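Owing to the predicted nature of the structure, the values given are computational and were not obtained by experimental measurement.
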Amino acid sequence: MDTTPRPKGDQRRRHRPTLACISCRKSKIRCDRQHPCSACVRSRHKTCVFEPVRGLASRRSGIASTTADSADTQHGSDCDLGPVTPASSTPTAHDHDHDRDLDRDRARDHDLDLDLTHHKRAHAPPSRQPDSTNPPPPVLDVNGVLNRLFRLERRLDGSTVPRESPENPNPPTSRYEGQVIESYLASDIHAMSRGVVSKTRYFGQSHWMNGVVHFKSMLELFENQSKDAKSEAMAVLSRCKALARSIKAQRYPGIINQFGTKIPPRDVADKLVDAYLRTIETVFRVLHVPSFRRDYEQYWAAPDAAVMPFVIQLQLVMAIGSTLYDDCFSMRKTAVQWVTEAQYWLLGPPVKGKLTVTGLQNMILLTIARETASVGGDLVWIQVGSLLRSAFYMGLHRDPSRLPKMPRLEAEIRRRLWNTILELELKTSIDSGGFPTISPDNSDTRPPADLDDTDLLGEDEPTNTGAGERFTDMSVALALRESFRERLAIYQMLNAIPSRGTYDDTIRLHRRFTTAFKALTTKLRSYVPPERQPTSFQCRFVEIMARRCFLSLHLPYLGSGLKDPAFSFSRKQVTESAVKMYHLLFPIVGLNPERPLIPEGDDLATLSTEGDDLSRFAVCAAGFWRLLASQPSMIVTLELQTTMQEDEGLGPPTVRPDLLNILRHSIPYYLSRIKAGETNVKGYLFTAALAGHVQALMDGLTGPKVLEPILSAAMKTEKTCFDILKQQLGSAEVADAGTSEEQFDWGPLMAGDEDWGDGTLMAPFFDVSSVECFLGGFDVMSPSAAVWNRT
């Protein structure tokens, strides 16, 4: 028996075939031999490769037989695409690039196989060379193939980003790929794909700050001017900011010690109350008007006997109505006083005592009054969140029929308040660029009854509790409610993170909302004389809200629409919706088409809003009301610039008269806002600069010659604003002279910064720090900065 030990290289090897995939063998884990195996699916491997099974002779000699090679070739062809399991069946541009990389790598590996085969044939020993009549089978280097497969897998992992899948609830986050825009007007704006970050706040896609990136060239122009120490324009703008700080310091009250001390005379109070009841109350139902008027009469009969919740309610109603008192908003300071007292009252003890129907009504009125009186109007979404949770805490999301028995009047008021809170949550979410956090599905509260307020006074149950054919006090609110789900779906898609909306989803939502909008307009047109009809304010306001949905829905594709005809439908929808909104807000647009685009000399015309409540809100109020005019005017200006620069004819560029009339009208609009108490002059400044650019294009100027009319218009605007602000400051000082009721020294607080920072004493009460440091707070969703570069 031969006991001589065999050499190490001669030791017998295992002949058991390898059935596990290469990845499982390398990781030393159990493989279920599926294609792909479960281990590769869990570990998210791009490929799951199995080593071909060879016969015993092939393992010993290293040369595969022809049969085995054919089987391997067939096996490889079957498993080539099988192990790659895509998370989505929808091809993308990134997928096509990835496929091209794979094809290139496969061709490179095939060439390496051929080179390796020829090399082994050339260096084979003579004794192993077969004769010419029996060609040798091809040589397969398994280790070389495996190494190339591993290199290909590593290259694949490095060139792709993992897609989100249901099996991966926590996908890895991609790195930040935004851009930073530095500007004297806009501060530092971190622009991203679906939002922007400004200072300490994040704004979703529906917020106006997302459009700043498209005005990059104009912003850089003012940024260069701010770095010039000899720039007269920046010096005048700095003086305007200093005047604005002084005016706001005089406008805001000190620490409140008493409530209800600023009630005006009865005749003035009657006008303010009537202004509110004929406008806002007819759309957003808050009060039961007969009950409010009864308490109002009792107050004037015995003012000292009035309870404090009603006094606060009356002051908030008058604060909203004071916006319509005159063109110059002469009662602005008093309105700010009333809003501030309401904030103090809500914060004061006992807090639980505010969780009543009256307390909830006061919270809603405070939300509306903060926008009309410009007391932190851009932060009301935060307060609406508190309002919403207070309503949940009081059970307004449950229908009164499911709660302990209560009077019929109280039950209907609770339904009306819940409906109004839903509308305010959606409206403020749009303005703040936030995701709407409420839905009708979160509540079982039925819609309010289609009844007049007087129908709720009797003890008998009304016979008609559904939507009838006659126009009632609730008809407009109920008509808006019918389209709430469609409007909510639009803004949820716009502000959702992460967004899964596509252009097909945009078109689908457009069709859905078009149907709802037609039903809304048909309903309001069905009320014909001699019966009661909706007012002009109600019809125009409701249509503006609807047109704003169309504009917001297509606005993300406006930039693509200016370059790609495939998105021309969105470009048309945005432009036409903006034109329609502006004409609904100011029906007199185009009545004076001969007015020059840039005012000459002392021709500083302002708007007259006498008898038009909606136009006066747009001129005197802030927040949402200011956006209704400024956003359409900016979109119209962008369309003007783009169409003029797209005109490559030999003659002067063609200008749409309707667009030019809106731009011509927006100049006195911003001037009217300054004269009505607006302290931020940058909206007026920027619009005048854009008008100067349009005028330069109309005059055929190109290149550096375009800058002169832009800077000239901006400089003239700043001097005009400086004179107005100086006059307002002098009038305020005269009005305050001789008074001994100074409660707090605001000079040190207002000297440091234009905004009310977090470190000021009254910041928790006022919350007036504002992002409206650029363009006066309007949406600038214009998509192309190239309109400036082409000149």
Side-chain angles (χ1 to χ4, degrees), residues 247-248 251-253 262-264 267-284 286-287 312-343 362 364-378 380 383 424 427-428 431 535-538 540-541 544-545 584-586 606-630 669-680 683 728 732 766 768 770 772 776-778:
I247 292 173
K248 290 194 294 184
R251 185 174 294 167
Y252 288 95
K262 298 289 184 178
I263 303 296
D267 57 338
V268 177
D270 289 345
K271 293 181 180 179
L272 302 183
V273 170
D274 291 339
Y276 166 78
L277 294 179
R278 73 171 181 263
T279 54
I280 302 297
E281 181 62 33
T282 62
V283 180
F284 301 129
V286 181
L287 305 174
I312 298 298
Q313 186 175 99
L314 174 60
Q315 291 186 152
L316 289 173
V317 167
M318 291 190 298
I320 300 171
S322 63
T323 312
L324 306 176
Y325 187 68
D326 52 22
D327 280 337
C328 59
F329 201 174
S330 59
M331 299 189 67
R332 181 185 291 269
K333 184 176 181 179
T334 306
V336 172
Q337 170 81 23
W338 290 333
V339 172
T340 307
E341 289 186 14
Q343 290 179 313
N362 291 347
I364 297 175
L365 292 172
L366 177 60
T367 300
I368 301 173
R370 286 182 60 182
E371 287 192 309
T372 58
S374 188
V375 183
D378 60 330
V380 294
Q383 181 179 330
L424 291 178
K427 184 183 77 69
T428 55
D431 303 334
T535 63
S536 173
F537 177 88
Q538 291 174 318
R540 291 160 57 196
F541 182 73
I544 285 177
M545 293 181 66
L584 287 169
L585 202 58
F586 299 106
T606 57
L607 301 182
S608 175
T609 59
E610 185 67 31
D612 192 338
D613 294 332
L614 189 58
S615 299
R616 185 162 292 181
F617 268 123
V619 170
C620 298
F624 160 78
W625 301 98
R626 173 170 46 198
L627 296 177
L628 296 182
S630 54
Y669 162 71
Y670 281 106
L671 181 60
S672 300
R673 289 195 57 85
I674 299 296
K675 290 189 175 183
E678 173 68 68
T679 58
N680 195 323
Q728 290 180 355
F766 293 109
V768 295
S770 175
E772 299 169 352
F778 51 76

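- When every heavy atom of Gln728 is checked against every heavy atom of Gly677, the shortest pair comes out as NE2-N, 4.0 Å.
- Taking the side chain as every heavy atom from C-beta outward, Phe624 and Leu628 approach each other to under 4.5 Å.
- Minimum interatomic distance between Ser615 and Arg540 (heavy atoms only, all atoms of both residues): OG-NH2, 3.8 Å.
- The line from OG1 of Thr428 to CD of Gln383 is 10.0 Å long, rounded to the nearest 0.5 Å.
- The two atoms that bring Asn362 and Leu316 nearest to each other are O-CD1, 3.4 Å, heavy atoms only.
- Looking at every heavy atom in both residues, Arg673 comes nearest to Ala622 through NH2-CA, 4.1 Å.
- Looking at Gln343 and Arg370, their side chains come closer than 4.5 Å, going by heavy atoms from C-beta outward.
- Crowding of Tyr325 atom OH: a count of heavy atoms from other residues, nucleotides or ligands under 6.0 Å not exceeding 12.
- Using a distance-only test at 3.5 Å, with no hydrogens or angles considered, a donor-acceptor pair links the side chain of Glu281 to the main chain of Val286.
- In this structure, Lys427 and Asp431 have side chains that are in contact, with non-hydrogen atoms separated by less than 4.5 Å.
- For Arg626 and Glu678, the salt-bridge test passes: some basic side-chain N is under 4.0 Å from an acidic carboxylate O.
- Phe284 has its side chain out of reach of Thr367: every pair of non-hydrogen atoms, C-beta onward, lies at least 4.5 Å apart.
- With hydrogens and angles disregarded, a donor-acceptor distance shorter than 3.5 Å links the side chain of Ser672 to the backbone of Leu607.
- Across every non-hydrogen atom of Phe586 and Ala629, the tightest pair is CE1-CB, 3.9 Å.
- Shown here are the side chain to side chain contact (heavy atoms under 4.5 Å, CB included) partners of Thr279, two or more places apart in sequence or in another chain: Leu324, Phe537, Asp613, Phe617.
- Under the side-chain contact (heavy atoms from CB on, under 4.5 Å) rule, Phe541 has a single partner from Leu584, Thr535, Val283, which is Val283.
- Between Leu614 and Ile544, some side-chain heavy-atom pair lies under the 4.5 Å cut-off.
- With rounding to the nearest 0.5 Å, the separation of CD in Gln315 from NZ in Lys262 is 10.5 Å.
- Between Val339 and Leu366 there is a side-chain heavy-atom pair separated by less than 4.5 Å.
- Applying the salt bridge (charged side-chain N to carboxylate O under 4.0 Å, His left out) test to Arg616 and every residue at least two apart in sequence or in another chain returns Asp327, Glu610.
- The nearest pair of heavy atoms linking Cys620 to Phe329 is O-CD1, 3.6 Å.
- Side-chain atoms of Arg251 do not come within 3.5 Å of backbone N or O of Lys333 as any donor-acceptor pair.
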